[in-house]
Amino acid sequence: MDRPCNREDIVRTHHAALEVVHAVADLLADPDAAPVGHRTAAADRQQLAYGLPGIALLHIERAAAGLGPWRRAHDWLAAAARQPFTSGPDSHPFYGAPAFAYVLACAAEHLPGSYEQALDTMDRQMVADVCRRLGAAHRRIEVGLLPELAEYDVIRGLSGYGAHLLRRNPASATVRTVLDYCVRLTDPITHEGETLPGWWVETGPSGRPDDRFPGGHANTGVAHGIGSVLALLALAARHGTLVDGHHDAMRTILAWLDRWREETGRNLAWPYWVTRSELREGRTAPSAPRRPSWCYGTAGIARVQQLAALALGDTSRQIEAENALVAAVTDTAQLKATTDNGLCHGFAGLVHVVARSADDADPSTAGRLRAAIPALLTAMCSPVSNPTDAALAMTQDKAGGPGFLNGAAGIALALQAAATGEPPRSAWDTCLLIA
């Protein structure tokens with residue numbers, strides 16, 4: 001991937017990215033006319049990842065940044081709320097009432113007095129859900145059982161709830177109870193005669209039994225693994241919210257990641273997971289270069305390690321993580337393994353992780369991180385392409401569609417932040433636990 005080599009090329013690249021963002025926003029302006037497809041409007045309506053709430057995030061961010069009208073955001077929120085949302089045990093941070101509460105909160109921060117009653121109601125339900133989940137998790141620990149990924153991950157579990165609650169009220173008792181659980185999760189557990197990390201699961205990465213993972217695995221990812229717990233602990237510490245054992249828990253996770261990091265020949269990389277056989281052998285199996293995405297792999301893990309290092313005041317680890325991120329997003333072999341543009345495991349996630357990391361980076365690495373952004377933008381939208389055609393292709397893509405996590409709305413959000421050089425105004429990326 002060739003990087004633009006002069007200022008004129010960089011300006012052209014950023015301008016092209018913003019033109020695509022504007023085109024996507026215009027295509028998704030009206031929820032009754034937008035090309036959303038049946039699944040987005042019906043089956044996936046309550047999904048933050050694919051449904052209407054995630055598209056509302058794009059318009060909330062643009063309105064908060066003064067780049068679009070609030071009317072579009074209101075219209076998408078109203079469309080999402082035309083039918084009741086699932087709450088209680090059948091909901092989670094990316095589905096149902098908790099997902100809608102997250103999106104409403106992004107808007108309410110910029111519209112004092114708006115949505116307060118609805119948010120208060122949903123927040124009370126969310127606190128009850130968290131308390132129920134925490135009770136089940138602690139009972140599970142007390143009887144010596146292994147967790148499920150959905151107990152603690154960011155998409156379905158307590159890290160995801162913690163991300164929302166930390167933003168809403170970082171000093172609340174509920175946030176502290178979630179952090180206490182995160183600390184306890186890092187205690188080792190003995191299972192079938194072997195000592196395992198407390199986040200070891202018996203399933204495959206899908207959360208279901210998998211013959212390819214006999215004995216289960218330890219997931220390192222930010223989306224579904226211990227990376228999410230490290231991120232929540234680090235972000236809470238940076239907010240000044242600490243619980244007993246907080247720093248020790250962070251160091252336990254960091255030590256695990258140190259144990260399993262790999263030398264790529266260019267820098268460090270981290271595996272997606274560690275299997276039972278790899279744990280017994282003390283090394284991971286050889287593999288081809290993997291995509292360095294937000295959800296799994298070096299990009300997301302490097303960002304959460306950077307956040308942890310900042311929270312711990314560990315400048316050496318911070319710079320090490322930032323260098324690993326630079327190497328990952330400029331490595332042709334790793335980038336060839338990246339095959340889509342979405343936030344979850346595509347170029348949008350990469351460019352957003354890099355942009356967020358650059359904002360917090362040590363002066364010795366910040367410039368190198370920012371220098372990687374134009375090439376990542378070009379991978380998603382070439383300066384010579386027609387922005388309307390590019391936007392239409394994104395919204396109609398069968399795999400990604402118009403939604404947030406894999407689709408056009410999320411891509412546009414990442415493009416806007418990277419091309420303007422401004423962090424999100426609405427904190428839309430809180431749900432990714434990278435900021």
Side-chain angles (χ1 to χ4, degrees), residues 13-63 65 67-80 82 94 99 103 106 293-295 338-352 376-420 424 426 428-429 431-432:
T13 298
H14 285 208
H15 176 74
L18 287 175
E19 288 296 303
V20 171
V21 176
H22 299 329
V24 169
D26 287 343
L27 280 172
L28 299 178
D30 181 354
D32 293 321
V36 296
H38 172 73
R39 285 195 61 82
T40 299
D44 291 330
R45 178 185 65 86
Q46 300 189 53
Q47 288 275 4
L48 177 59
Y50 314 113
L52 307 188
I55 298 172
L57 275 180
L58 171 61
H59 295 296
I60 290 168
E61 173 61 24
R62 288 180 59 76
L67 298 174
W70 276 107
R71 172 49 53 194
R72 290 182 178 181
H74 292 311
D75 288 347
W76 278 96
L77 290 170
R82 284 173 187 164
F94 268 65
V103 175
C106 287
S293 55
W294 162 74
C295 57
T338 305
T339 57
D340 71 86
N341 288 334
L343 278 175
C344 185
H345 41 256
F347 282 103
L350 287 183
V351 79
H352 197 61
L376 296 172
L377 291 176
T378 300
M380 289 185 280
C381 48
S382 168
V384 299
S385 64
N386 180 288
T388 302
D389 291 344
L392 193 61
M394 288 179 186
T395 58
Q396 294 181 343
D397 179 76
K398 289 184 179 180
F404 170 69
L405 196 58
N406 292 308
I411 295 169
L413 283 164
L415 288 175
Q416 180 171 299
T420 61
S426 66
W428 63 263
D429 56 354
C431 65
L432 303 178

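One-based numbering along the sequence shown. What you see below is based on every heavy atom in this structure, not just the backbone, and it leaves out hydrogens, waters and symmetry mates.
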[X] side chain to [Y] backbone, donor-acceptor under 3.5 Å:
| X | Y | value |
| --- | --- | --- |
| Trp76 | Ile60 | no |
| Thr420 | Gln416 | yes |
| His59 | Leu77 | no |

Return the set of residues passing side chain to side chain contact (heavy atoms under 4.5 Å, CB included) with Ala418 (not counting sequence neighbours), or none when no residue passes.
->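 Per chain and number, Ala418 pairs via side chain to side chain contact (heavy atoms under 4.5 Å, CB included) with Val351, Ile373, Leu377.
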For Ala63, enumerate each residue passing the side chain to side chain contact (heavy atoms under 4.5 Å, CB included) test, keeping only those at least two apart in sequence or located in another chain.
->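 Trp70.
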Atom [atom1] in [X], atom [atom2] in [Y]: separation rounded to 0.5 Å?
| X | Y | atom1 | atom2 | value |
| --- | --- | --- | --- | --- |
| Glu61 | Leu413 | CD | CG | 6.5 Å |
| Met380 | Leu350 | CE | CG | 8.5 Å |
| Asp75 | Leu52 | CG | CG | 12.0 Å |

Looking only at heavy atoms, which two atoms of Ser382 and Ala16 are closest? And how far apart?
->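 So the two residues come closest at O-CB, 4.3 Å.
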What residues form a salt bridge (charged side-chain N to carboxylate O under 4.0 Å, His left out) with Asp340, not counting sequence neighbours?
->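 Here no residue qualifies.
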Please table the atom pairs, donor to acceptor, closer than 3.5 Å between any side-chain atom in residues 396-410 and protein atoms at least two apart or in another chain.
| residue | atom | partner | partner atom | Å |
| --- | --- | --- | --- | --- |
| Asp397 | OD2 | Ala399 | N | 3.2 |
| Asp397 | OD2 | Gly400 | N | 2.6 |

Donor-acceptor list for residues 17-26 side chains, cut-off 3.5 Å, not counting sequence neighbours:
| residue | atom | partner | partner atom | Å |
| --- | --- | --- | --- | --- |
| His22 | ND1 | Arg62 | NH1 | 3.4 |
| His22 | ND1 | Arg62 | NH2 | 3.1 |
| Asp26 | OD1 | Arg72 | NH1 | 3.2 |
| Asp26 | OD1 | Arg72 | NH2 | 3.1 |

Kindly indicate whether the side chain of [X], heavy atoms from C-beta on, has any atom under 4.5 Å from the side chain of [Y].
| X | Y | answer |
| --- | --- | --- |
| Cys106 | Leu57 | yes |
| Ile55 | Thr40 | yes |
| Leu415 | Cys381 | yes |

Output, in order, the C-alpha distance, side-chain angles, deciding distance and verdict of side chain to side chain contact (heavy atoms under 4.5 Å, CB included) for Phe347 and Thr338.
-> CA-CA 7 Å; Phe347 282 103; Thr338 305; 3.8 Å; yes
According to the salt bridge (Lys or Arg N to Asp or Glu O under 4.0 Å) rule, which pairs have a member within residues 44-55, sequence neighbours left out?
->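 Qualifying pairs: Arg39-Asp44.
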